[in-house]
Each structure stands twice: as structure tokens, then as C-alpha cells.
Amino acid sequence: MRFSGSTALVTGAAGGIGEAIVTQLRAEGARVAVAARDVSGIEAEAHLPGDLLDPAYADGLAQAARDALGGLDILVNNAGVITRGPVTEASDADWSRSVGVNVEAPFRICRSAIPLMAETGGGAIVNVSSCWGGKAPGPNHALYCMTKAALSSLTQCMGIDHAHQGIRVNAVCPNEVNTPMLRSGFAKRGFDPDTAVSELGRTVPAGRIAEPEDIADVVLFLASDAARYMCGTLVEVNGGKPVS
Ligand code: NAD
């Protein structure tokens with residue numbers, strides 16, 4: 001029970017990785033506030049539905065979580081959207097949605113969470129970035145890679161700037177994970193998601209792509225006291241598969 005007595009806010013809680021993070025945090029004793037557009041059916045101590053593209057909602061989330069839980073020790077910025085294709089195929093709406101959910105919302109939530117955490121002696125922030133936002137981008141996902149690189153850079157900057165307040169900011173950078181985000185991409189391209197996931201697994205040295213729990217375990221490690229000396233790091237979780 002590493003998180004007994006701790007309070008946490010998780011965005012994108014309705015998604016594949018988010019659901020695993022919430023389940024594991026609660027299993028280890030944390031009281032969790034869940035944020036997503038639709039949070040009905042998610043077991044948690046507080047439900048904060050809304051659209052992260054709404055600046056007022058993103059600005060108010062950290063305070064709302066603290067009010068609902070009586071504290072805010074852990075923030076996981078997990079929500080994300082993927083836009084596929086090169087820039088020449090990206091619409092204005094793709095740009096706004098990608099920047100809004102993947103960069104602006106974490107910026108707004110961190111900006112308001114950090115002073116709240118500082119008031120109570122510190123906390124841990126874990127951002128869910130991507131291997132394509134770490135060392136190198138991948139092909140044909142220009143907006144996704146650019147926004148994840150921005151989130152990774154923001155993580156490194158905040159990790160440096162707020163360590164002195166006892167606030168540790170780190171990111172996980174997964175490669176492919178078996179979630180609706182990945183599976184919907186296969187379905188859109190006309191592939192059977194189960195077959196595609198299994199074929200993709202053969203390209204990974206570990207023999208399979210990640211399950212959401214593989215990523216949640218590393219998120220919990222970064223949120224825990226075991227990572228007490230880690231600030232501003234980008235942790236690749238890739239089963240040995242290098243970035244393409
Ligand atoms: P998912 O699509 O299953 O979940 C995404 C979550 O984000 C959902 O809960 C969704 O409601 C939420 N969200 C999206 N737009 C929102 C908005 N406007 N307002 C509020 N909530 C919104 O995806 P996932 O695979 O679980 O992804 C979780 C994180 O992991 C994302 O940041 C993603 O970029 C990252 N990631 C995923 C993979 C992968 O292969 N699945 C790889 C690397 C990184």
C-alpha cells in the first residue's frame with residue numbers, strides 16, 4: 001500500500017492507460033479524482049467530468065480535485081489525442097485539438113497544481129508523453145510528435161524549476177500500447193486490431209507490445225517515494241524497441 005493516505009488526480013481516466021493507472025493507484029491505497037469527458041462507470045473517490053479543450057475546466061481541475069479529496073499529492077497528466085499524417089494533411093482543427101489536449105491542458109493543470117502542492121510541502125507530477133516525444137519523432141504523425149516533444153520539454157523544465165519546492169515532475173514515454181488509441185488506428189486503416197496487435201508484437205524485442213498495466217506500473221513508480229530523487233526525467237518504456 002505505497003499510496004495509503006495519498007490523493008491523486010488522473011486525466012484521461014476513461015482511456016486504456018488511464019483506467020489502469022486509476023485502478024492501480026486505488027489498489028495501493030490512494031484516493032483518486034478522475035477526469036475525462038465521460039467519467040460515468042469509473043470507480044473513484046471523486047468524478048470531475050469535462051473537456052480539456054475548455055481552458056476554464058483545465059485551469060480549475062487541480063483545485064477541484066483538492067476540494068473533493070481534501071488534498072492533492074499526485075497529478076497524472078495522461079489524457080492525449082493522436083493526429084495521424086504529415087503536416088500537409090493536418091487541418092486547423094487537428095492543430096487546435098492536438099496542441100489543446102496534449103500541451104495546453106497539461107500546462108494549465110500543472111500551473112495551478114504546483115502552487116497547491118507547494119503549500120503542502122510538495123508532490124509528484126507524472127506526464128504521459130511518448131517515445132516519439134523523447135529522443136526522436138516517428139514518421140507520419142507530425143502534430144502528435146511535435147506536441148509530445150513539447151510535453152517532454154515542459155516536463156524537463158518543470159522538473160528543474162520546482163524540485164526546490166519538493167515537487168517532482170517526470171514523464172513516461174511509452175512505445176506502442178494496446179489501448180483504444182492504437183486499436184482505433186488499425187481499425188480506421190482497415191486492419192483487424194487483434195491481428196495487427198499480435199503482428200506488431202513480433203517487432204518488439206520483448207515479444208509483445210505493452211499492455212496498459214506495463215505503463216501504469218512505471219507511472220506509479222515515478223509517483224512513489226522510490227523515485228524521490230528523480231526530477232525532470234523522461235522514462236522510455238518500450239520493451240527494447242528503439243524509436244523508428
Ligand atoms: P485512449 O484513447 O484510450 O485514452 C485517451 C484519454 O484521453 C481518454 O480518456 C479520453 O477521454 C481523454 N481525452 C482525449 N481528449 C480529451 C478532451 N478533449 N478532454 C478530456 N479528456 C480527453 O488512449 P491511451 O492509449 O490510453 O493514451 C493515454 C496516453 O498515453 C496519451 O497521452 C497517449 O498519447 C499516450 N501514449 C499512448 C500510446 C499508445 O500506443 N496507446 C503510446 C505512447 C503514448
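Order of appearance sets the numbers: ligands from 1, and atoms from 1 within every ligand. We're numbering straight along the sequence, starting at 1.
- Among all protein heavy atoms, the one lying closest to atom 6 (C) of ligand 1 is G12 CA, 3.6 Å.
- With a heavy-atom cut-off of 4.0 Å, R97 does not touch ligand 1 at all.
- Protein heavy atom at the shortest distance from atom 30 (O) of ligand 1 is V128 CG1, 3.2 Å.
- Applying the salt bridge (Lys or Arg N to Asp or Glu O under 4.0 Å) criterion to R183, with sequence neighbours excluded, gives D194.
- Classification of D51 and R37 as a salt-bridged pair fails, no side-chain N sitting under 4.0 Å from a carboxylate O.
- The residue A35 has no part lying near ligand 1, judged by heavy-atom distances below 4.0 Å.
- Remark: D214 engages R208 in a salt bridge (Lys or Arg N to Asp or Glu O under 4.0 Å) (not counting sequence neighbours).
- Ligand 1 places these atoms under 4.0 Å from at least one heavy atom of E176: 40 (O).
- Contacts between V81 and ligand 1, counted as non-hydrogen atom pairs separated by less than 4.0 Å, involve the side chain only.
- Under a 3.5 Å cut-off, the side chain of T83 and the backbone N or O of S98 do not form any donor-acceptor pair.
- Checked by atom type and distance alone, the side chain of N170 pairs as donor or acceptor with a backbone atom of G232 at under 3.5 Å.
- Residue contacts with ligand 1 for V177 involve both N, CA, C or O and side-chain atoms from C-beta outward (heavy atoms, distance under 4.0 Å).
- Residues V126 and N77 form no side-chain contact, since every pair of their non-hydrogen atoms from C-beta on lies 4.5 Å or further apart.
- For the pair V235 and L222, the minimum side-chain heavy-atom distance is below 4.5 Å.
- At the shortest separation from atom 44 (C) of ligand 1 among protein heavy atoms lies S129 O, 3.2 Å.
- Remark: D161 CG to C231 SG distance equals 11.5 Å, nearest 0.5 Å.
- Between E119 and R66 there is a salt bridge, since at least one side-chain N of the basic residue sits less than 4.0 Å from a carboxylate O of the acidic one.
- Put simply, the side chain of R31 never gets that close to the backbone of E45: no donor and acceptor are under 3.5 Å apart.
- The protein atom (non-hydrogen) at minimum distance from atom 13 (N) of ligand 1 is R37 NH2, 3.8 Å.
- Which parts of ligand 1 touch K148 is read off a 4.0 Å heavy-atom cut-off, strictly below it: atoms 31 (C), 32 (O), 33 (C), 34 (O).
- For atom 32 (O) of ligand 1, the choice among N175, L200, N78 with the nearest heavy atom turns out to be N78.
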CA sep, side-chain torsions, deciding dist, call: S129, S152, side-chain hydrogen bond (donor to acceptor under 3.5 Å, both in side chains): CA-CA 6 Å; S129 185; S152 292; 2.7 Å; yes
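- The atoms of ligand 1 that sit less than 4.0 Å from any heavy atom of D51 are 17 (C), 18 (N), 19 (N).
- With a 4.0 Å cut-off on non-hydrogen atoms, T179 touches ligand 1 through its side chain and not its backbone.
- Between the side chain of T7 and the main chain of L72, a donor-acceptor pair closer than 3.5 Å is present.
- For ligand 1, one of its N or O atoms has an N or O atom of G15 under 3.5 Å away.
- Some N or O of G16 is nearer than 3.5 Å to an N or O of ligand 1, by distance alone.
- Within ligand 1, the atoms closer than 4.0 Å to a non-hydrogen atom of A14 are 9 (O), numbered from 1 in the order shown.
- A donor atom on one side chain and an acceptor atom on the other are not found under 3.5 Å apart for D59 and S112.
- In E176, the CD atom is crowded: over 12 heavy atoms of neighbouring residues, nucleotides or ligands sit closer than 6.0 Å.
- Residue-level proximity to ligand 1 for Y144 is carried by the side chain, the only part with a heavy atom below 4.0 angstrom.
- Of the protein's heavy atoms, L52 N, 2.9 Å lies nearest to atom 19 (N) of ligand 1.
- Where the criterion is an N or O separation shorter than 3.5 Å, residue side chain and backbone included, L182 fails it with respect to ligand 1.
- Of all protein heavy atoms, the one closest to atom 43 (C) of ligand 1 is P174 O, 3.4 Å.
- Close contacts of ligand 1 with G50, meaning ligand atoms under 4.0 Å from a residue heavy atom, involve 19 (N), 20 (C).
- Counting atoms of ligand 1 from 1 in the listed order, those under 4.0 Å from a heavy atom of G80 are 5 (C), 7 (O), 14 (C), 31 (C), 32 (O).
- Using a 4.0 Å cut-off to heavy atoms of P180, the atoms of ligand 1 that qualify are 3 (O).
- With hydrogens left out, the protein atom closest to atom 26 (O) of ligand 1 is I17 N, 2.9 Å, a heavy atom.
- Sparse packing is recorded around CD of E43, with 12 or fewer heavy atoms of other residues, nucleotides or ligands lying under 6.0 Å away.
- Of the protein's non-hydrogen atoms, the one nearest atom 27 (O) of ligand 1 is M181 CE, 3.9 Å.
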